[in-house]
Protein chains: 2
Amino acid sequence: MAANRRPTLADVAREVGVSAKTVSRVLNEDGPSSPETRERVLAAVAKLGFQPNLMARNIRVGGPDTTVGLVVPDLGNPFFGTVAGAIEDVVRARGLTLLMGSSAEDADRERALIQTFLARRVSMLMVVPAFGADHSHLKAPRAAGLPVVFLDRPGVGLSADCVVSSNRTGVHEGVSHLIARGHRRIGFIGDLPANLYTRRERLAGYRSALAEAGLPYDRALVSGAHTQEEAAAETTALLARPQPPTALIAANNIMALGVVAQLTRAGRKDVALVAFDDLPLAEVLEPALTVVAQDPAAIGETAARTALARLDGDRTRARTHMVPTRLVVRGSSDLPHHAGDLGRHTGG
Amino acid sequence: MAANRRPTLADVAREVGVSAKTVSRVLNEDGPSSPETRERVLAAVAKLGFQPNLMARNIRVGGPDTTVGLVVPDLGNPFFGTVAGAIEDVVRARGLTLLMGSSAEDADRERALIQTFLARRVSMLMVVPAFGADHSHLKAPRAAGLPVVFLDRPGVGLSADCVVSSNRTGVHEGVSHLIARGHRRIGFIGDLPANLYTRRERLAGYRSALAEAGLPYDRALVSGAHTQEEAAAETTALLARPQPPTALIAANNIMALGVVAQLTRAGRKDVALVAFDDLPLAEVLEPALTVVAQDPAAIGETAARTALARLDGDRTRARTHMVPTRLVVRGSSDLPHHAGDLGRHTGG
DNA sequence: CTGAAAGCGCTAACAT
DNA sequence: ATGTTAGCGCTTTCAG
């Protein structure tokens, strides 16, 4: 009940009858110490319940704190949760602790979080850039030796390491797959705003797949949404067009939820679908959902290893790591109902 | 490129030609300062890119660090991600930063994380207890004034605040719902190990619902699993019994994924299902999934507010907060295919 | 093998 | 309105 002061190194030293430095030596296995002193110090530590104050230690040692700062847009999104988990696994092996915050996709909030992390002297900084954020304020800290790694999207205004999915080739592969199945009009439902990095890259993959197949790019088939509900509405709108698409590509997991929900509600089993980013129940949907799976754990792990290498003195130039995606063909891209129509073009 | 030392308060003071304390005063809006000095200090701060060292500040001020320690079993599980996000939203409003780690449901790892957090002098500690973990080692810190709050499951060996879902009444409600639909043999698929808190509570709710309806408790209808795949296998096993259940209750989100997947693969649209904890695509499954929804955001928020109240001096006795669940009836608990069979008992 | 003194970057408590 | 001194809890440096 009483708010007793936590014991300090000096308290332990007093208890044992040695100097503070001796206790410190024993605890950090710095310098030599007689087995007996060692024993008595350890006993006193246990008795008093002493725990070294890491802040005090770090301040004296002068280096960065043994923490890693991580900023993500949304902790509730399992994509970022998995990324964070992978980062933690890697850095904990080095004795580092994760300092984490959510930007809620707000540039100011991201900035404030980063400032807090810098004030805490994190040993490295990992950031999923919020939309519209600028990172030139990180130039000085980075020049001073702070490893900075961007995840999922590149940073703006700062040249630094970056780890992203192979968005472009991933979507290209998914769209090519649909084209190979005979589809000629494919709708694209991406994130908003339209110039968000992932949206741009994925749209580029969409366009390059069309171009490769000699298909026209029709702006009317491209739309975007923020939420699952908006994605559902966009799906309805696309399918209500005079010349509706026969297939859709949903450019992220939230969009996929909305599109799947809407196709199901509308009973449209005749529309093919490929989703970018996997979903837990993808395989049991009817039809099962074909996806271009990302690998969030690999993204987190790669980013953490890159940052640790920098911490260990890697001075090579900053580079962008692409984490490959993987096309998982299930049922939604290969619809029996449609086979007849498509057959006319290919079979005869 | 050069690893320049980060500027300190003294550097700023020297630059301006004032004492360190004056700079400190300006920055913390402590005591008075002339507008002119203020101006010059701020200019120097900007010029040098000075950022106060929070660790040094906190050590001097003496109180706890402005961080919150959070331990969860798995960062990738959206349930815990949402909990964490809600906590962060609440504590950031108080200027606190989240220190976060994953126990991977391992008691030793949880213990190590907590020790690290204590060494960092976190201002409060929030823990989802790992299975088998003991928390009596937190007695001293708690007695010394550290707010400790357990989430999702109560702590062991320590009396502290706790925030959990209303597991028992939630499952009771779900099972009663199935009984009201005419089901008499209801299978239970819960977590493992069987004496995990949430499993015990949810099983208790299952039993009380049966008892209330005068139905027998059949141990053969109760099973458990760790993973989605195991839950699928358990589903198959239950339905292969001589007298199979006509309905199932899946006691958490992972179990629900496995059961849904298996029922779909087996084409068993004649088995009713209620899941504890909502799933993103629950409403578009065929049939749509009836769930007992938890409210992870409310759990996180309640826990954070409770801890903050303690930090603010609340000395009332520790209590357990129940966050209500909500039965969301969709299609899976009300199967037309089954209506005929059930009708024989009730209708005529 | 151990200890004393100094100092990390900052602020509390007194000066002035 | 500003400066000085001391000290937070620890480690470094230099002596023994």
Side-chain angles (χ1 to χ4, degrees), chain A residues 3-42 44-45 48-67 116 118-123 144, chain B residues 3-42 44-45 48-66 116 118-123 141 144:
Chain A
N4 297 314
R5 196 176 51 83
R6 309 271 299 259
T8 85
L9 206 64
D11 295 328
V12 177
R14 203 172 308 117
E15 174 84 13
V16 182
V18 295
S19 78
K21 178 60 205 174
T22 298
V23 178
S24 170
R25 263 195 280 258
V26 170
L27 262 38
N28 296 314
E29 292 177 346
D30 192 25
S33 55
S34 79
E36 196 207 314
T37 322
R38 207 184 131 70
E39 194 91 6
R40 290 169 56 214
V41 165
L42 260 30
V45 164
L48 299 181
F50 167 76
Q51 275 177 312
N53 185 325
L54 264 184
M55 292 190 295
R57 171 173 224 286
N58 280 320
I59 211 185
R60 177 66 252 233
V61 172
D65 189 17
T66 53
T67 49
T116 304
L118 293 178
R120 290 193 169 279
R121 303 296 189 264
V122 292
S123 60
Chain B
N4 297 314
R5 196 175 51 82
R6 310 271 299 257
T8 87
L9 206 64
D11 295 328
V12 178
R14 201 172 309 117
E15 174 84 14
V16 182
V18 295
S19 77
K21 179 64 202 175
T22 298
V23 178
S24 169
R25 262 195 281 257
V26 169
L27 261 38
N28 297 312
E29 293 177 345
D30 193 26
S33 56
S34 80
E36 194 208 314
T37 328
R38 206 183 133 69
E39 194 91 5
R40 289 168 56 214
V41 166
L42 261 31
V45 163
L48 299 181
F50 167 77
Q51 276 178 312
N53 184 325
L54 264 183
M55 293 189 295
R57 171 174 222 286
N58 280 321
I59 210 183
R60 175 67 253 229
V61 172
D65 188 17
T66 53
T116 304
L118 292 178
R120 291 194 169 277
R121 302 297 189 263
V122 293
S123 60

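Treat the numbers as computed from the prediction; the structure is a model and nothing was measured. Scope of the values below: all heavy atoms of this structure, side chains included, with no hydrogens, waters or symmetry mates.
Regarding contacts with the backbone of D/dG3, a side-chain N or O of B/Thr22 is found under 4.0 angstrom from either OP1 or OP2. Taking side-chain N and O atoms only, A/Thr37 has a distance below 4.0 Å to OP1 or OP2 of C/dT2.
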> Could you run down nucleotides 8-13 of chain D 5' to 3' and tag each one B, S or - for protein heavy-atom contact under 4.0 Å?
Replying inline: BBBBB-
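The CG-C1' distance, from B/Asp11 to C/dC8, rounds to 13 Å in whole Å. Distance A/Glu36 CD to C/dT2 C1': 13 Å, rounded to the nearest Å.
Looking at DNA chain C, the stems built from 3 or more consecutive Watson-Crick or G-U wobble pairs, each pair with its key distances under 3.5 Å, are C:1-16 with D:1-16.
Pairing each heavy atom of B/Phe50 with each of B/Leu27, the nearest pair is CE2-CD2, 3.5 Å. Nearest heavy-atom pair across B/Arg14 and B/Asp11 is NH1-OD1, 3.1 Å. Nearest heavy atom pair, residue B/Ala44 against residue B/Glu15, reads CB-CG, 3.7 Å. Residue A/Ser24 comes nearest to A/Leu9 through the heavy atom pair CB-CD2, 3.9 Å, listed as atom of the first residue, atom of the second, then distance. The two residues A/Pro64 and A/Ser123 come nearest to each other via the heavy atoms CB-CA, 3.7 Å. For the pair B/Val41 and B/Val16, the tightest heavy-atom approach, listed with the atom from each and the gap, is CA-CG2, 4.0 Å.
Residues A/Thr66 and B/Arg120 bring a donor and an acceptor atom of their side chains to less than 3.5 Å of each other.
In this structure, B/Ser34 reaches the sugar-phosphate backbone alone: every heavy-atom distance under 4.0 Å involves primed, P, OP1 or OP2 atoms, never a base.
Under the side chain to side chain donor-acceptor pair (under 3.5 Å) criterion, B/Gln51 pairs with A/Gln115, B/Arg6, sequence neighbours left out.
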